[in-house]
Every structure is written in C-alpha cells, then in structure tokens.
Amino acid sequence: MKLQADIESPVRIARRGLMLVISSPSGAGKSTIARSLLEQDTRFSLSVSVTTRTRRPSEIDGVHYHFITRDEFFRLRDGDALLEWAEVHGNLYGTPREAAEKAMRDGRDMLFDIDWQGALQLQEKAKADIVSIFILPPSMEELKSRLLRRAEDSSETIAMRLRNAKVEIERWRDYEYVVINDDLDRAFSAVLSIVNAERLRRDRRPGLFDFTSVLLEQASADIGK
Ligand code: 5GP
C-alpha cells in the first residue's frame, strides 16, 4: 500500500515541526501504524525511548528502545534528561529530551509512541506542537487475540497488559483524535489524513507570511501594469 503522505503544495514554506503522539492499549496496532508512517513519510523520525523493560527477541537496542538499567534510568531522570517518563506495566519508560528538542529546533516532525501518562506530560509542556491520536481496538476479544498472536511476551505479561487495557482505554478523552483499528489499511489512512491536515494548519506554517507577502507584491505589480 502506497499512499501520498504529503498533500502540501510543491512550494516550500518554512514551518514548525509536528510532535505526533500515538497511544493505545498494547495490541491495538499502534506500533504497526507507527512503523508504516515512518517507512512512508521520511519527514518523521521516531523518538527512541529509554526503558528498563527486557528486550524482546525481535527488538534492536538503539532502534526500538535504548534498553537501560533502573539505575541508569534514575540518573537520566534526575539529571533532567527526560522530557517525560512513566511506569507502564511495571517497567520504566522515558523520552530522551535532547533528540526531541533538536528535532523541534530543526523543524522536523517527530513521532512519539508513548502511553497516556507521557502524552499528558508532553501536552503540558508543548501544547502548540502536539498532535495526539489514540488508537482503539475494535473489541476486547480482538485485543486479546492480537496480544496472543504476538507471542513475544510471557503469559503473565499478556495477562497484566490485558488488565491494564481497561485503565488505558479510559484515557481516550485526553486525545484530540481517536482512530478505531478494525482494519489496518483504513486506520493507517485515517492517521495519514490527520497528519496531512495538521501540517496544513496556518499556525504551523510561519513561512506563510513571507509567501503571501510575495504574492501580494506580485498582485500589486500586476494591477499596476
Ligand atoms: P512496550 O513494552 O509494549 O514496548 O510498551 C508499553 C507501553 O509503553 C506502550 O503503551 C508504549 O507506548 C509505552 N511507552 C513506550 N515508550 C514510552 C515513553 O518513553 N514514555 C511513556 N510514557 N510511555 C512509553
């Protein structure tokens, strides 16, 4: 599936980077959607979190997460090196500050795959730059079967994630957009639509001022002809 991720006009207009926060209960399909977005839209980079969770066999240190010890985590947190952090399913997760702040300074878009606690902290810190999407599963049965299908976690971990799903689903109201993932292609194209629309917002494109000034000068010149 190849969809056009950017419907902006070909004229380059300076703009502010987007901080796209995607959250969901485990197994709702958020990571698949996030991966597709990163593959198809090269303007996005992923904020790679630090975590004290054990690495899954399919995960690569430094790509999916930076896997660190609890001591290292507390050192980063106490040194103010994390933009937000939270305990999720018994492990600690946090967003490294430096990479995110650099992306914003450079006007690049950044994707944050974080839970509702982290989303709230980011919304408090950078409301104007945040776009938040909550992904819901079509049913609890489907969520359970997706968690079982993944088969990378122990049965205790899966049971805990299912118990926690109720608390997580209750947070849907904290997000600007809600996408129900009953069909992956449809859910992904809904996410792309949100991204496209948000990129076109006037207040995200400070360069529009210069662009319209040029247009108006040209219009005046044309009238003067
Ligand atoms: P998992 O262990 O399945 O990779 O992630 C568990 C949960 O932790 C997911 O909901 C994920 O979005 C969240 N998470 C991952 N990184 C961060 C982070 O840096 N901060 C917060 N608050 N949550 C995170």
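All ligand and atom numbering here is 1-based and tracks the order in the structure. On a predicted model such as this, the values are computed, not experimentally measured, just so you know.
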- Can you get from Val131 to Leu38 by hopping between Ile, Leu, Val, Met, Phe, Trp and Tyr side chains that sit under 4.5 Å apart? yes
- Task: Tell me which protein heavy atom sits closest to atom 22 (N) of ligand 1, plus the residue, atom name and distance to 0.1 Å.
- Result: Asp115 OD1, 2.8 Å
- Query: Any N/O of Arg53 closer than 3.5 Å to an N/O of ligand 1?
  - Reply: yes
- Note on the structure: Closest heavy-atom pair, Val21 versus Ala119, reported as atoms and distance to 0.1 Å, is CG1-CB, 3.8 Å
- Please answer whether the main-chain N or O of Phe67 pairs with a side-chain N or O of Thr51 as donor and acceptor at a distance below 3.5 Å. no
- Message: Please list, in number order, the atoms of ligand 1 under 4.0 Å from a heavy atom of Ala86.
- Response: 22 (N)
- Message: With a heavy-atom distance limit of 4.0 Å, tell me whether Arg161 approaches ligand 1 through its side chain, its backbone, both, or neither.
- Response: side chain
- Task: Enter the distance from Lys125:NZ to Leu120:CG here, rounded to the nearest 0.5 Å.
- Result: 12.0 Å
- Task: Look at the side-chain heavy atoms of Ile, Leu, Val, Met, Phe, Trp and Tyr, link any pair under 4.5 Å apart, and say whether Leu18 and Leu192 land in one connected group.
- Result: yes
- Using a strict cut-off of 4.0 Å, indicate which atoms of ligand 1 neighbour a heavy atom of Thr95. 19 (O)
- Take every heavy atom of Phe112, measure it against each atom of ligand 1, and state whether any distance is under 4.0 Å. no
- Protein contact of atom 1 (P) of ligand 1 - nearest heavy atom, named by residue and atom, plus distance: Tyr65 OH, 3.5 Å
- At the 4.0 Å heavy-atom cut-off, does Glu84 count as touching ligand 1? yes
- Task: Grab the two heavy atoms, one from Met104 and one from Gly17, that are nearest each other, plus how far apart they are.
- Result: SD-O, 4.0 Å
- Message: Would you say Leu37 ends up clustered with Ile133 if hydrophobic residues are merged whenever their side chains have heavy atoms under 4.5 Å apart, either directly or through other cluster members?
- Response: yes
- Item | Note, Ile135 side chain near Ser23 side chain (heavy atom, < 4.5 Å) | no
- Taking the non-hydrogen atoms of Arg56, is any one of them nearer than 4.0 angstrom to ligand 1? yes
- Taking both backbone and side-chain atoms of Glu59, is any N or O found less than 3.5 Å from an N or O belonging to ligand 1? no
- Report yes or no: do Ser132 and Gln123 form a side-chain donor-acceptor pair below 3.5 Å? yes
- Against heavy atoms of Gly118, which atoms of ligand 1 measure under 4.0 Å? 22 (N)
- Query: Is the closest heavy atom of Ser23 to ligand 1 under 4.0 Å?
  - Reply: no
- Residues Ser58 and His64: closest non-hydrogen pair is O-CE1, 3.8 Å
- Would you say ligand 1 has an N or O under 3.5 Å from any N or O of Tyr93? yes
- Among all protein heavy atoms, pick out the one at the shortest distance from atom 7 (C) of ligand 1; state its residue, atom name and that distance to 0.1 Å. Val88 CG1, 3.7 Å
- Message: Against ligand 1, does Lys30 come closer than 4.0 Å with any heavy atom?
- Response: yes
- Task: Check each atom of ligand 1 against the heavy atoms of Gly94 and keep those under 4.0 Å away; list them by number with element.
- Result: 18 (C), 19 (O)
- Message: Among all the protein's non-hydrogen atoms, which is closest to atom 14 (N) of ligand 1, and how far away is it?
- Response: Asp113 O, 3.6 Å
- Message: Closer than 3.5 angstrom, by distance alone: can the side chain of Ser36 be matched with the main-chain N or O of Thr32 as a donor-acceptor pair?
- Response: yes
- Message: Aromatic contact between Tyr93 and Tyr65, with the criterion being ring centroids under 6.0 Å apart: yes or no?
- Response: yes
- Using a heavy-atom cut-off of under 4.0 Å, does the side chain or the backbone of Ile114 touch ligand 1, or both, or neither? both
- Test of proximity, Ser49 against ligand 1: N or O pairs below 3.5 Å: yes
